[in-house]
Amino acid sequence: MADPKHGPLLLVPIKAAIISALFFTGHCRASPGRRRLLMNSTGVVPMHMALTHLNTVVMFDQTGFGPSGYRLRRRFRGGKKCKAKGDDLTDGSCYAHSIEYDITTNSIRSLRLRSDPWCSSGSFLSNGTLIQVGGYRDGSRSIRYFQPCHHRAHCNWKQSKSSLSAQRWYATTQILPEADRAIIVGGRRAFSYEYVPKVSSRDRSHDLPFLHNTHHRENDENNLYPFLHLSSDGNLYIFANRDSILFNYRRNRVVKRFPRIPGRGARNYPSSGSSVMLPLDYEDGFRKVEVMVCGGSAPGAYEAASQGRFLKGLRTCGRMVITGKRHHWKMEKMPKPRLMCDMLILPTSQILIINGAHRGSAGWNRAADPALQPYLYRPTKAPRKRFSVLTSTRIPLMYHSTAILLPNGRVLVGGSNPNHDYTFGNVAYPTELRLQEFMPHYMDRHYHKFRASNVTVHHGGGSGIRHGEEFTVRFWLGRRSKVGVEFMAYAPPFTTHSVSMNQRMLRLRGKGMVKEVGGWVRVTVEAPQSSNLAPPGYYTLTVVNRGVPSFSHWIRFINA
Ligand SMILES: *[C@@H]1O[C@H](CO)[C@@H](O)[C@H](O)[C@H]1NC(C)=O
Ligand SMILES: *[C@@H]1O[C@H](CO)[C@@H](O)[C@H](O)[C@H]1NC(C)=O
Ligand SMILES: *[C@@H]1O[C@H](CO)[C@@H](O)[C@H](O)[C@H]1NC(C)=O
């Protein structure tokens with residue numbers, strides 16, 4: 001439900017209040033949220049997932065280890081027919097390694113990848129095209145594009161003629177305020193950053209000593225897939241291992257060095273905790289930025305796992321305000337130790353922690369004891385009252401599992417595959433091709449009576465809403481109370497390996513509410529003032545009434 005700061009919870013009728021009190025004290029027998037199986041097989045493990053503004057989800061795995069579970073009629077290299085026998089059965093090019101999932105029709109189609117995107121990264125450009133970079137072997141310097149389209153058969157992966165200046169495997173990408181530029185940071189043995197798309201052949205990598213300093217020299221690295229968050233002042237927050245900096249990428253200069261997060265375990269791959277930037281809020285002019293880092297592996301867990309010892313993961317989360325002058329980590333404990341988890345910001349400003357394991361580390365078959373129960377974290381509650389435990393899954397979601405938030409308020413959950421190949425028997429955690437959705441508490445029928453519907457957005461014309469522009473949001477509330485309506489803009493992430501790149505949520509100012517006849521409501525909403533706050537691109541806009549989100553509506557922010 002809504003945070004007390006925002007008031008609306010107090011107004012919820014007694015019955016709903018009792019229900020939510022039962023749900024959130026953690027003493028209830030039936031914990032909230034529901035799971036539903038969407039597909040028995042996607043054929044391809046969604047190791048990487050990203051929601052497009054046309055309500056489809058691009059999913060892909062790797063191309064280098066032979067067959068997936070999705071056989072093609074024609075091989076994607078050369079286009080020759082694939083026979084249902086002989087070598088073709090083991091030839092990886094007779095199988096899809098990427099698919100597009102359509103949320104509306106619950107169906108998939110195959111996509112063609114020309115190079116291996118295993119453990120790669122990505123961001124959406126301002127026109128909704130996914131730029132997707134790096135990977136393994138022939139894909140380690142690749143720059144790929146996926147431009148979603150209405151005539152689905154016509155769009156597919158395109159590979160750029162230019163390539164990265166360094167091999168980037170396990171790097172993180174963040175879209176920048178300057179239109180259509182993303183930064184790509186790190187990667188295995190890549191202690192540097194660079195920009196995409198490439199504008200000239202002189203567009204090179206820049207050394208980043210912070211990545212040398214946070215690298216564990218032994219086998220377990222622990223600074224891969226660094227956590228990146230674009231701060232409200234336009235600087236880049238980079239967290240790797242246990243340390244973090246605020247980085248002015250325009251000048252190649254470290255602006256701040258933050259204190260080390262307490263506790264002994266590292267947080268980045270293969271330790272693999274997760275991180276979010278908490279929602280930015282119009283009430284403070286979007287100035288205050290607070291990051292949160294949760295979970296990870298115990299020191300030495302990666303090595304121990306190779307000897308069959310699965311060490312208990314980290315139980316702590318740290319929160320730190322990265323703006324202002326004084327910085328310290330405030331630590332708290334999750335209900336249990338957890339690693340390889342995904343952290344998603346829900347439209348209610350709560351954080352969902354889902355997937356992963358209690359023991360071990362990331363890497364092939366290096367984890368045990370799947371974390372079946374998601375946690376809901378309410379950032380503005382009193383400490384110790386923030387976590388609650390949600391409905392379990394029966395499907396273990398281990399290494400190479402992912403989760404993303406959909407515009408219908410649900411969470412799409414796929415994977416995992418901790419095995420080298422697609423393996424369905426005689427292993428602890430077989431390759432999992434089922435696709436499920438998790439429906440958070442707010443999807444329950446009790447909450448329908450608060451849900452705004454038929455949301456439309458009207459703005460001054462052009463291809464999108466300019467920074468600082470006022471636009472109109474119209475929706476239907478019937479006779480429901482209009483107190484406590486909030487407007488949330490969300491940049492959908494590119495998700496892989498517990499890192500939701502580019503994920504950001506902004507609570508926008510709404511004013512001048514007009515009640516029209518028949519239960520319609522019209523509100524003027526203000527777009528964030530600058531591209532530092534909201535880099536140009538597609539966002540979902542969600543009307544949240546008393547902590548209950550509407551279906552989201554796509555909007556596009558463009559540079560003024
Ligand atoms: C999955 O398979 C089972 C068993 O064949 C079937 O009963 C069920 O309807 C299928 N579910 C979906 C979502 O396709
Ligand atoms: C989107 O932007 C990319 C990068 O600038 C460009 O290559 C592509 O053609 C654009 N797509 C559309 C539909 O404008
Ligand atoms: C809202 O939209 C639905 C589906 O498009 C429609 O059936 C319904 O009549 C609309 N509600 C109002 C109040 O117009």
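Order of listing sets the numbers, starting from 1, for every ligand and every atom in it. Note that the coordinates shown come from a computational prediction; the quantities given were computed from them, not determined experimentally.
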Without swapping roles, check the side chain of Ser530 against the backbone of Asn532 for a donor-acceptor pair under 3.5 Å.
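Between the backbone of Asn532 and the side chain of Ser530 there is a qualifying donor-acceptor contact (under 3.5 Å).
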For [atom], closest protein heavy-atom neighbour:
| atom | answer |
| --- | --- |
| atom 11 (N) of ligand 1 | Asn40 ND2, 3.0 Å |
| atom 4 (C) of ligand 2 | Leu125 CD1, 3.7 Å |
| atom 1 (C) of ligand 3 | Asn454 ND2, 1.5 Å |
| atom 3 (C) of ligand 2 | Asn127 ND2, 3.6 Å |
| atom 5 (O) of ligand 2 | Asp180 OD2, 4.4 Å |

Could you check Arg204, Arg181, Arg168 and say which one makes a salt bridge (charged side-chain N to carboxylate O under 4.0 Å, His left out) with Glu194?
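Of all the options given, the one that passes is Arg168.
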At a 4.0 Å threshold, what atoms of ligand 2 neighbour a non-hydrogen atom of Thr129?
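Every atom of ligand 2 under 4.0 Å from some heavy atom of Thr129: 1 (C).
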At a 4.0 Å threshold, what atoms of ligand 2 neighbour a non-hydrogen atom of Gln147?
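That gives atoms 8 (C), 9 (O), 10 (C), 11 (N), 12 (C), 13 (C) of ligand 2.
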Check for me whether Arg474 meets the cation-pi criterion with Trp520, that is, NZ or CZ under 6.0 Å from the six-membered ring centre and within 45 degrees of the ring axis.
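Here Arg474 passes the 6.0 Å and 45° test against Trp520.
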Quick check on atom 9 (O) of ligand 3 - does any protein heavy atom sit closer than 4.0 Å to it?
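For atom 9 (O) of ligand 3 the answer is no, since every protein heavy atom stays at 4.0 Å or beyond.
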Under 4.0 Å from atom 14 (O) of ligand 3, is there any protein heavy atom?
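It does; a protein heavy atom is within 4.0 Å.
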Those atoms of ligand 3 less than 4.0 Å from some heavy atom in Trp520:
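That gives atoms 12 (C), 13 (C), 14 (O) of ligand 3.
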Taking only heavy atoms of Trp476, which atoms of ligand 3 are found under 4.0 Å from at least one of them?
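In order of numbering, the contacting atoms are 13 (C).
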Should the ring pair [X] and [Y] be called parallel, tilted or perpendicular, given that the plane angle runs from 0 to 90° and is split at 30 and 60?
| X | Y | result |
| --- | --- | --- |
| Tyr447 | Phe450 | tilted |
| Trp157 | Phe60 | perpendicular |
| His229 | Tyr237 | parallel |

With heavy-atom distances below 4.0 Å as the criterion, list the atoms of ligand 1 near Leu38.
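Near Leu38, meaning under 4.0 Å from one of its heavy atoms, ligand 1 has 13 (C).
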Ring center gap for His206 and Tyr193 short of 6.0 angstrom
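Yes.
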Under 6.0 Å between ring centres: does that hold for His53 and Tyr539?
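Aromatic pair excluded; centres sit 6.0 Å or further apart.
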Classify the side-chain pair Glu100/Thr56 by whether it contains a donor and acceptor separated by less than 3.5 Å.
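Their side chains do contain a donor-acceptor pair, which is all the 3.5 Å distance test asks for.
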Any idea which part of Ile131 is under 4.0 Å from ligand 2, heavy-atom wise: side chain, backbone, both or neither?
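For Ile131, there is no contact with ligand 2 at all, from either part.
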